[in-house]
Number of protein chains: 2
Amino acid sequence: MKKTDRRVIKSQQAIKKAILELMTEKNFDDITIMDISERANVNRGTIYLHYMDKYDLLDKLIEEHINELRELCQSAAEMTFKEGNYVWFEYFEKNHMFFSIMLTTKSAAHFRSRFLDLVVEEYKVELDSSEGTNKGLNDDIVLQFLGAAIIGSVEWWFKNGMPYPPRVMAEQTGAILDRNF
Amino acid sequence: MKKTDRRVIKSQQAIKKAILELMTEKNFDDITIMDISERANVNRGTIYLHYMDKYDLLDKLIEEHINELRELCQSAAEMTFKEGNYVWFEYFEKNHMFFSIMLTTKSAAHFRSRFLDLVVEEYKVELDSSEGTNKGLNDDIVLQFLGAAIIGSVEWWFKNGMPYPPRVMAEQTGAILDRNF
DNA sequence: AATGGTTTGTTTGATAATCCACAGATCACG
DNA sequence: CGTGATCTGTGGATTATCAAACAAACCATT
């Protein structure tokens with residue numbers, strides 16, 4: 001797997017940055033390909049070289065971050081909830097542009113469910129309802145409950161301008177998760 | 001004169017930004033072409049596509065700003081000293097990265113003299129030693145005196161973190177110039 | 001329903017930038 | 001000194017991006 005040409009990386013970065021900026025300024029439906037190409041300082045045709053249309057662009061952007069989060073889980077498999085959450089929250093902070101838009105704008109409601117699916121999927125392996133706290137409880141319900149909780153917390157964090165550092169968010173939410181698994 | 005390809009503009013911008021950043025971090029002599037290409041996220045060969053070497057790059061960068069300042073003078077020909085200075089100080093602020101480096105680092109002493117030459121050249125047309133304040137004084141001496149004064153002021157402004165807004169700097173220095181022409 | 005102004009995809013040929021490899025220069029330092 | 005390591009210029013082959021143009025789709029307004 002040879003590494004990709006420097007030019008495509010730069011173009012795609014510029015395009016992704018542009019659409020995120022524009023989404024903070026106007027409704028997704030009102031954003032045109034021309035807007036994006038102008039903001040990204042990239043030829044309009046270049047966008048079509050990489051993406052079908054703006055929906056495809058948004059999809060790919062979402063998919064990328066979902067995958068990145070999944071990989072972070074992989075490398076955090078041995079960690080506690082607090083440590084693992086810290087890795088996530090650092091990633092959230094580093095990409096706050098993306099996440100705050102995705103969690104606050106309604107044109108990207110699609111992202112929420114992808115995000116939730118990922119969280120549930122990752123929590124599932126941690127869950128043991130044969131004994132302990134969750135003995136006798138329904139797996140799906142527990143997972144949906146806790147998944148919604150963590151996503152809600154992240155959303156709240158962004159809506160309020162990230163009032164606490166990632167470290168604190170990770171420890172607090174990690175502590176609550178600890179007593180629920 | 002068709003407008004230049006978007007790609008060359010982006011490459012050159014990245015390269016110029018990179019060398020300025022590096023000059024704040026280390027001595028000019030210690031900066032390599034590789035450093036610049038890495039920082040600019042541009043292939044090393046691309047730099048040679050536009051510049052002979054790092055000295056040529058610095059020269060072109062300086063020449064560009066000198067020319068820009070000269071053009072600003074052109075369009076400010078009808079203005080008072082205060083108004084004209086305002087245009088300049090706004091340009092200084094917009095490009096504070098460049099000017100503060102050029103006026104504080106010794107590897108760019110060359111810039112000072114280019115800058116001074118420009119100021120003297122522009123002030124010359126304003127000077128009338130046949131009568132008024134400067135009657136009987138030597139033109140060259142007056143020009144060098146005032147030129148050094150304005151450049152020194154700009155240097156002080158940058159060295160002290162631009163403590164006053166461009167507006168104030170322009171009005172104050174403009175007032176002093178008024179009574180010297 | 002006709003109109004004129006945008007936006008969209010797609011194509012064209014031209015060209016800037018890429019990667020990689022090279023040989024020579026320069027540097028660091030034992 | 002000498003010797004490995006890094007940096008420099010340069011070349012060739014390849015690719016991504018470019019500007020410009022086009023017809024079709026999509027609008028808003030009349």
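To find a chain, count down the sequence lines: A is the first, B the second, and so on, and within it residues start at 1. The figures here come from the full heavy-atom set of this structure, side chains too, leaving out hydrogens, waters and symmetry mates.
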Which nucleotide in the set dC19(C), dG9(C), dT8(C) lies at the smallest distance from any side-chain heavy atom of Thr32(A)? dT8(C)
Return the 5'-most residue of the pair Lys3(A), Met52(A) with respect to DNA chain C, ranking by each residue's nearest nucleotide. Met52(A)
Does the dA17(C) base have a donor-acceptor partner in the side chain of Arg7(A) within less than 3.5 Å? yes
Rounded to whole Å, please give me the gap between CD in Glu38(B) and P in dC19(C). 12 Å
Atom-to-atom span, CG of Asp53(B) to C1' of dT26(C) - whole angstrom: 15 Å
Check whether the ring centres of Phe145(B) and Tyr123(B) lie less than 6.0 Å apart, and answer yes or no. no
note: His50(B), atom NE2; dT15(C), atom C1'; distance rounded to Å ~ 11 Å
Closer to the 5' end of DNA chain C via nearest nucleotide, is it Leu49(B) or Arg44(A)? Arg44(A)
Assuming nearest nucleotide by heavy-atom distance, tell me which of Ile31(B) and Asp5(A) is located more 5' along DNA chain D. Ile31(B)
Ring centre gap for Tyr55(A) and Phe28(A) strictly below 6.0 Å: yes
Take the protein atom NZ of Lys10(B) and the nucleotide atom P of dT18(C), then report the distance between them rounded to whole Å. 11 Å
For chain A, the stretch of DNA chain D it reaches, first to last nucleotide, under 4.0 Å of its heavy atoms: dT15(D) to dA21(D)
Tyr48(B) OH - dT18(C) C1' separation (whole Å): 16 Å
Nearest-angstrom distance from the residue atom OH of Tyr51(A) to P of dT10(C): 17 Å
Among Phe158(A), Phe115(A), Phe111(A), which residue satisfies the ring-ring contact (aromatic ring centres under 6.0 Å, His included) criterion with Phe98(A)? Phe111(A)
Are more than 12 heavy atoms, taken from residues, nucleotides or ligands other than His110(A), located less than 6.0 Å from that residue's NE2 atom? yes
Euclidean distance, atom CD1 of residue Ile9(B) to atom C1' of dT15(C) [Å, nearest integer]: 15 Å
Specify the separation, in whole Å, of atom CD1 of Ile33(B) and atom P of dA25(C). 18 Å
Quick check on dA17(C): is either OP1 or OP2 less than 4.0 Å from any side-chain nitrogen or oxygen of Asn43(B)? no
Which residue in the set Asn134(A), Asn138(A), Asp139(A) passes side chain to side chain donor-acceptor pair (under 3.5 Å) when paired with Ser129(A)? Asp139(A)
Using the ring centroid of each side chain, check whether Phe89(A) and Phe99(A) are separated by less than 6.0 Å. no
Does the salt bridge (Lys or Arg N to Asp or Glu O under 4.0 Å) test come out yes or no for Lys60(A) and Glu64(A), once each step is laid out? CA-CA 6 Å; Lys60(A) 292 230 170 76; Glu64(A) 244 172 61; over 6 Å; no
